[in-house]
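Quick note: residue numbers are just sequence positions, from 1. Note that the coordinates shown come from a computational prediction; the quantities given were computed from them, not determined experimentally.
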Amino acid sequence: MSAFADSVIVDGWIFTAGMERPALADIAIAGERIMAVAEAGGLADLIGPTTTVRCAAGELIVPGFQDAHIHPVFGGTELLQCDLTAATSAADCYRLIRQYCADRPEPEWIIGAGWSMEFFPGGTPTRQALDAATDGRPAAILNRDHHGIWVNSRALELAGITRETPDPGDGRVERDSAGNPSGTLHEGASDAVTSILPKVTDELADLGLRTAQAYLHELGVTAWQDAMLGIGLGTKDATDTYLAALAAGELTMRVVGAQWWERDGGLEQVDSMIERRDRIAAADPTGRFRASSVKIMVDGVAENFTAALSAPYRDATGRATANSGLSFIPPRNLKRYVTALDAAGFQVHFHALGDRAVTEALNAIKAARTANGDRGNRHHLAHLQWISSADIPRFAKLGAVANLQMLWAMHEDQLDELTIPFIEPGLVDRLYPFGELAESGATLAAGSDWPVSTPDPLAAIHIGVNRTLDPANAPPLGGVEQRLTLADALTAYTFGSAFVNGLEGDTGRIQAGYLADLVVIDRNLFAFPTAQIGQARVRLTLSGGRVVYDRDQAPARRDPAVAST
């Protein structure tokens with residue numbers, strides 16, 4: 001074995017978990033791992049005639065970002081379909097849809113995603129508007145948060161949805177004044193349409209994964225937790241997509257798959273999840289792709305009044321309604337399911353947005369701990385739009401990880417127009433209480449929920465630290481006490497997510513022996529005002545010592561999206 005490093009990064013500012021501020025240091029890499037870390041100039045003896053030396057003067061080097069809640073195959077696939085994420089208005093949506101239809105006459109259906117609810121009155125676009133923008137083919141386009149779908153008249157007809165169709169228990173059909181379906185389907189009401197969509201082909205899914213992986217590497221991401229393994233738009237399970245990429249040597253991400261829990265099913269699902277987990281483990285003894293997590297949707301989202309709250313939603317006049325959101329799984333059943341999954345060695349990945357949903361998820365974790373003891377499964381709760389004051393200290397007490405979508409913690413149109421007016425006034429100050437979680441000692445992880453919102457960790461960290469996109473001109477959401485420090489935000493997106501993914505022994509830190517999953521950012525974030533965090537860009541991404549993105553070779557594209565719920 002050579003005494004020299006394969007590559008050395010010199011003169012960079014190094015930040016890793018446990019530090020409050022970065023330090024000047026050099027990093028030597030041999031093979032896939034970090035060989036040594038030393039003060040600047042301290043690794044000269046490891047530089048040989050074939051060593052690649054990269055200078056990072058004035059730049060910040062952090063462990064590879066890890067996205068703890070993302071839908072990468074969906075995101076990559078949607079970039080290849082009718083993608084509305086760049087739209088800035090309803091008119092822009094119509095323009096993009098018409099252009100897609102003109103450019104792509106061959107698909108049987110018009111399928112896509114990415115429209116923003118605030119573009120349309122009440123957040124609900126109509127079938128007639130989509131009829132006018134499409135060419136007679138059925139159309140189904142998910143909204144930005146993926147909890148609602150916009151359909152045209154032909155799609156409703158094919159799905160058999162009429163004025164006589166009742167709302168399902170886990171969703172709602174938006175209706176016009178005459179009671180006819182108006183064109184927007186919320187939550188489980190969309191199942192009648194998604195169940196008849198053409199299947200996503202293997203070729204499209206494979207291309208979607210490769211597209212997503214390249215895009216995420218541009219943003220410094222080296223590992224993720226896929227939050228929806230086993231189900232998808234067009235009912236395509238991404239398991240085989242990952243295995244194919246792995247077999248071809250094309251999977252450069254480290255992946256944990258969270259298997260989808262069918263909320264209408266029961267404990268019979270556990271055996272099939274064990275089978276999938278074991279089949280993947282047998283196919284990939286390296287552990288680069290594992291299916292050791294299970295995703296459970298506890299509630300919905302606030303914009304369509306399905307997030308589970310402890311207080312009822314208000315109507316447009318400010319009066320309390322009879323609706324306080326949906327618990328998709330009865331709390332008693334949730335405790336049983338989580339206890340069984342915990343006993344089987346699974347981590348549970350909860351979607352818990354409303355404060356009642358958070359309480360129900362924490363109660364289920366407590367039930368599992370009471371029955372099974374602490375099995376080290378690292379259960380985590382994602383989204384956390386509201387958390388009751390009483391539940392904040394329970395995260396640390398129960399060992400439940402808070403999985404933050406930092407990008408959402410700011411005032412923006414969808415929140416200000418479709419959520420805040422319809423909740424109790426006192427809840428506004430408790431939106432996304434990240435600062436309280438950090439102060440309580442909770443373990444923080446971070447993710448994007450892409451394609452719901454941009455997967456750019458630096459954009460998210462900017463909001464997590466500032467609680468506003470523009471600190472000079474816009475107030476922080478929830479007050480300054482809910483801000484994270486830059487050190488806490490970076491740690492959440494690196495070591496915190498590595499902990500959730502069970503990778504903290506190999507990744508999430510910059511130290512000798514760890515995998516060389518590294519990101520070089522084009523400036524030392526700690527040397528600039530926090531208002532400028534979002535201006536930073538990734539210059540270099542390494543995965544296992546291998547360069548998977550180099551801005552000098554391939555100029556980065558910047559996702560125009562800045563926030564979503």
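At least one donor-acceptor pair under 3.5 Å links the side chain of Gln259 to the backbone N or O of Met273. The main-chain N or O of Leu381 is never found under 3.5 Å from a side-chain atom of His383 such that the two would form a donor-acceptor pair. Side chain of Trp386 to backbone of Leu353: no donor-acceptor contact under 3.5 angstrom is found. For Gln385 (side chain) and Leu431 (main-chain N/O), no donor-acceptor pair under 3.5 Å exists by modelled atom type. No side-chain donor-acceptor contact under 3.5 Å links Asp391 to the backbone of Leu362. No donor-acceptor pair closer than 3.5 Å links the side chain of Thr124 to the backbone N or O of Phe120. Using a distance-only test at 3.5 Å, with no hydrogens or angles considered, no donor-acceptor pair links the side chain of Asn143 to the main chain of Met117. For Ser116 (side chain) and Phe119 (main-chain N/O), no donor-acceptor pair under 3.5 Å exists by modelled atom type. In terms of modelled atom types and a separation under 3.5 Å, the side chain of Arg127 and the main chain of Asn152 share no donor-acceptor contact. Judged purely by atom type and a 3.5 angstrom limit, Asp131 uses its side chain to pair as donor or acceptor with the backbone of Ser153.
No hydrogens or angles considered: nothing links the side chains of Thr321 and Asn323 as a donor-acceptor pair under 3.5 Å. Counting only N and O atoms by type, the side chains of Gln405 and Ser453 include no donor and acceptor under 3.5 Å apart. Inspection of the His147 and Glu303 side chains reveals no N or O donor paired with an N or O acceptor under 3.5 Å. When only modelled atom types and interatomic distance are considered, Gln213 and Thr252 share a side-chain donor-acceptor pair under 3.5 Å. Using modelled atom types, one finds no donor on one side chain facing an acceptor on the other under 3.5 Å when comparing His186 with Thr306.
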(message) Using the rule given for side chain to side chain contact (heavy atoms under 4.5 Å, CB included), can you reason through Phe65 versus Ile461, listing the C-alpha separation, both sets of side-chain angles and the distance that settles it, and then say yes or no?
(response) CA-CA 11 Å; Phe65 293 122; Ile461 289 167; 4.0 Å; yes
(request) Check the pair Ile111 / Val200 against side chain to side chain contact (heavy atoms under 4.5 Å, CB included), numbers first and verdict last. (result) CA-CA 10 Å; Ile111 299 172; Val200 173; over 6 Å; no
(request) Using the side chain to side chain contact (heavy atoms under 4.5 Å, CB included) rule, take Asp299 and Glu360 through it: C-alpha gap first, then chi angles, then the decisive distance, then the call. (result) CA-CA 10 Å; Asp299 67 341; Glu360 291 169 1; over 6 Å; no
(request) Go through the steps to decide whether Phe74 and Leu142 satisfy the test side chain to side chain contact (heavy atoms under 4.5 Å, CB included), and finish with yes or no. (result) CA-CA 11 Å; Phe74 299 164; Leu142 287 160; over 6 Å; no
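Annotation: side chain of Ile97 is in contact with side chain of Cys82 (closest heavy-atom distance under 4.5 Å). At least one side-chain heavy atom of Pro457 sits less than 4.5 Å from a side-chain heavy atom of Leu219. By the 4.5 Å heavy-atom criterion applied to side chains, Glu203 and Asp206 are not counted as neighbours. Residues Asp191 and Pro168 have side chains not in contact (no heavy-atom distance under 4.5 Å, counting atoms from C-beta outward). Using a 4.5 Å heavy-atom threshold, the side chains of Ile70 and Val221 count as separate. Looking at Ser497 and Gln225, their side chains never come closer than 4.5 Å, going by heavy atoms from C-beta outward. Side-chain contact between Arg378 and Thr443 is absent, with no heavy-atom pair separated by less than 4.5 Å. The side-chain heavy atoms of Arg172 and Glu174, taken from C-beta on, include a pair separated by under 4.5 Å.
Atom-to-atom distance recorded for Gln347:CD and His379:NE2 is 8.0 Å, nearest 0.5 angstrom. The CD1 atom of Ile423 lies 10.0 Å from the CZ atom of Arg314; values are rounded to the nearest 0.5 Å. For the atom pair CD of Glu187 and CG of Leu326, the computed distance is 7.5 Å after rounding to the nearest 0.5 Å. Between the CE atom in Met410 and the NE2 atom in His462 there is a gap of 8.5 Å [rounded to 0.5 Å]. Distance check, rounded to the nearest 0.5 Å: CE of Met297 to NE2 of His351 gives 4.0 Å. The distance from atom CG of Asp355 to atom CG of Leu384, rounded to the nearest 0.5 Å, is 11.0 Å.
Taking both residues in full, the closest heavy atoms of Met406 and Ala460 are given as CB-O, 3.3 Å, listed atom of the first, atom of the second, then distance. Nearest heavy atom pair, residue Asn403 against residue His380, reads ND2-ND1, 3.1 Å. Here the closest non-hydrogen pair linking Gly325 and Arg356 is O-NH2, 3.5 Å. Contact detail for Gly123 and Trp115: the closest heavy-atom pair is O-CZ3, 3.8 Å. Here the shortest heavy-atom pairing between Thr468 and Pro476 reads CB-CA, 4.2 Å. Gly220 and Val519 get closest at one heavy-atom pair: O-CG2, 3.1 Å.
Cation-pi geometry between Arg263 and Tyr337 is not met at under 6.0 angstrom from the ring centre and within 45 degrees of the axis.
Checked for salt-bridge contact, Asp237 and Arg276 meet the test: a charged N lies under 4.0 Å from a carboxylate O.
Aromatic ring centroids of Trp261 and Phe346 lie 6.0 Å or more apart. A centroid separation of less than 6.0 Å is found between the aromatic rings of His71 and His69.
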